[in-house]
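The chains referred to below are lettered A, B, ... by the order of the sequence lines, with proteins before strands, and numbering in each begins at 1.
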Protein chains: 2
Amino acid sequence: MKYCSIGEAAARFRIPESTIRYYEKKGLLPLIERDAAGRRLFSEDQMALLSTVICLKNTNMPINDIKQYVAWILEGDSTLELRLKMMSEHKQAVLDEMALMTESLQGIDEKITRYKTRIQERKEVTQ
Amino acid sequence: MKYCSIGEAAARFRIPESTIRYYEKKGLLPLIERDAAGRRLFSEDQMALLSTVICLKNTNMPINDIKQYVAWILEGDSTLELRLKMMSEHKQAVLDEMALMTESLQGIDEKITRYKTRIQERKEVTQ
DNA sequence: TGTTGACTTAAACCGCGGTTTAAGTCGTAT
DNA sequence: ATACGACTTAAACCGCGGTTTAAGTCAACA
């Protein structure tokens with residue numbers, strides 16, 4: 001049962017300490033323990049929760065939704081269905097967003113191809 | 001050579017008119033023509049440019065970068081290399097972002113699977 | 001003992017990407 | 001004539017997601 005300081009937690013996930021403090025203040029990281037001097041102590045459970053929060057953040061879930069999700073975790077098994085529904089809907093939202101990005105990427109790829117052609121043509125003309 | 005009003009342009013791309021005005025003010029849509037009454041007229045070229053802007057926005061390119069890109073288009077063929085470099089780098093950034101999302105999605109999928117299992121187990125126990 | 005470095009807090013500040021508001025100008029159908 | 005709907009502008013406003021600042025506390029090491 002090793003505990004991490006905020007500095008170690010920040011280093012492990014490569015995010016600023018200020019972000020972790022911000023997440024705690026916003027209710028994304030409840031129940032963080034403290035040592036006698038008031039410094040945060042992150043248990044392995046808390047590190048796992050932080051990992052989950054970052055995972056949801058990486059997929060653009062709004063802070064308030066993550067907060068709701070974490071609150072449901074604390075509430076226990078009675079919220080299993082709610083959490084399943086939330087994660088399922090979020091997954092679909094992420095897939096939709098990725099589909100839009102993939103589609104838009106095609107337009108970008110066309111530009112890349114056209115630019116390469118035009119640059120090559122210009123070279124040939126001036127030879 | 002049909003021209004679109006701002007309302008028609010907004011409808012075609014399913015975005016608010018205010019967003020189009022905002023993009024013009026930010027320099028993303030230069031050279032928009034006007035009728036005698038001062039109303040915007042979108043040529044097919046302008047509609048194509050708007051389409052490009054939306055494509056870049058859909059892939060999370062910052063407004064200022066899009067502005068730079070549009071300025072390079074106006075500058076002509078001397079900026080072909082710059083545009084190619086920008087689009088190539090942007091493509092890579094998009095691919096990186098999608099890779100991160102895909103990875104994070106795995107964590108979400110695991111939660112979905114676990115929740116389904118736990119819900120099923122609870123049903124079996126109470127039977 | 002005193003200085004350094006890691007931590008603490010609350011509050012102010014920031015950029016981003018729009019959206020809303022308020023007041024006004026047209027063209028057109030009744 | 002007038003009323004309506006589509007447009008115009010500048011400026012104010014907004015939520016989001018942090019980041020920065022300032023002032024302070026504490027533990028450990030020289």
Handout entry: Phosphate-side-chain proximity, A/Arg21 and C/dT8, N/O vs OP1/OP2 below 4.0 Å
Key = yes

Problem - N or O in side chain of A/Ser5 less than 4.0 angstrom from C/dA6 OP1/OP2 - result: no

Completion exercise
For A/Cys55 and B/Gly107, the nearest pair of non-hydrogen atoms, with its separation, is SG-CA, 4.4 Å

Handout entry: Exercise: identify the closest heavy-atom pair between B/Cys4 and B/Ala9
Key = CB-N, 4.4 Å

Indicate yes or no: does [X] engage [Y] in a salt bridge with an N to O separation below 4.0 Å.
X: B/Glu81; Y: A/Arg122; result: yes
X: A/Glu8; Y: A/Arg14; result: no
X: B/Glu44; Y: B/Arg12; result: yes
X: B/Asp77; Y: A/Arg118; result: yes
X: B/Glu110; Y: B/Arg114; result: no

Handout entry: Of B/Lys91, B/Lys85, B/Gln92, the residue whose pairing with B/Glu89 passes side-chain hydrogen bond (donor to acceptor under 3.5 Å, both in side chains)
Key = B/Lys85

Fill in the blank from the handout: In numerical order, the residues of residues 85-97 of chain B whose heavy atoms come under 4.0 Å of DNA chain D are none

Handout entry: Strand contacts (DNA chain D) in residues 48-68 of chain A, 4.0 angstrom heavy-atom criterion
Key = A/Lys57, A/Pro62, A/Ile63

Exercise for the section: Map B/Arg34 and A/Tyr22 onto DNA chain D by nearest heavy atom, then report which one ends up closer to the 5' terminus. Expected result: B/Arg34

Handout entry: Nearest-Å distance for atom pair NZ/P, residues B/Lys26 and C/dC16
Key = 8 Å

Practice task
Could you state the atom-to-atom distance from CD of B/Glu17 to C1' of D/dG5 in whole Å?
Solution key: 11 Å

Completion exercise
Those residues at least two apart in sequence (or on a different chain) that pass side-chain contact (heavy atoms from CB on, under 4.5 Å) with B/Thr52 are A/Lys111, B/Leu56, B/Tyr69

Handout entry: Test side-chain contact (heavy atoms from CB on, under 4.5 Å) applied to A/Ser88 - qualifying residues, sequence neighbours left out
Key = A/Leu84, B/Ile112

Show each protein N/O and nucleotides 28-30 of chain C N/O combination with a separation under 3.5 Å, one pair to a line.
none

Completion exercise
In B/S/- notation (B base, S sugar-phosphate only, - none; protein heavy atoms under 4.0 Å), nucleotides 20-30 of chain D written 5' to 3' is B-----SS---

Practice task
Apply the test side chain to side chain contact (heavy atoms under 4.5 Å, CB included) to residues B/Met101 and A/Asn58: give CA-CA distance (whole Å), side-chain angles for both, the deciding distance (0.1 Å), then the verdict.
Solution key: CA-CA 6 Å; B/Met101 290 177 84; A/Asn58 283 344; over 6 Å; no

Exercise for the section: Apply the side chain to side chain contact (heavy atoms under 4.5 Å, CB included) test between B/Leu28 and each candidate in B/Asn64, B/Ile20, B/Ile66; give the one that qualifies. Expected result: B/Ile66

Exercise for the section: Check whether more than 12 heavy atoms from other residues, nucleotides or ligands sit under 6.0 Å from atom CD of A/Glu75, and answer yes or no. Expected result: yes

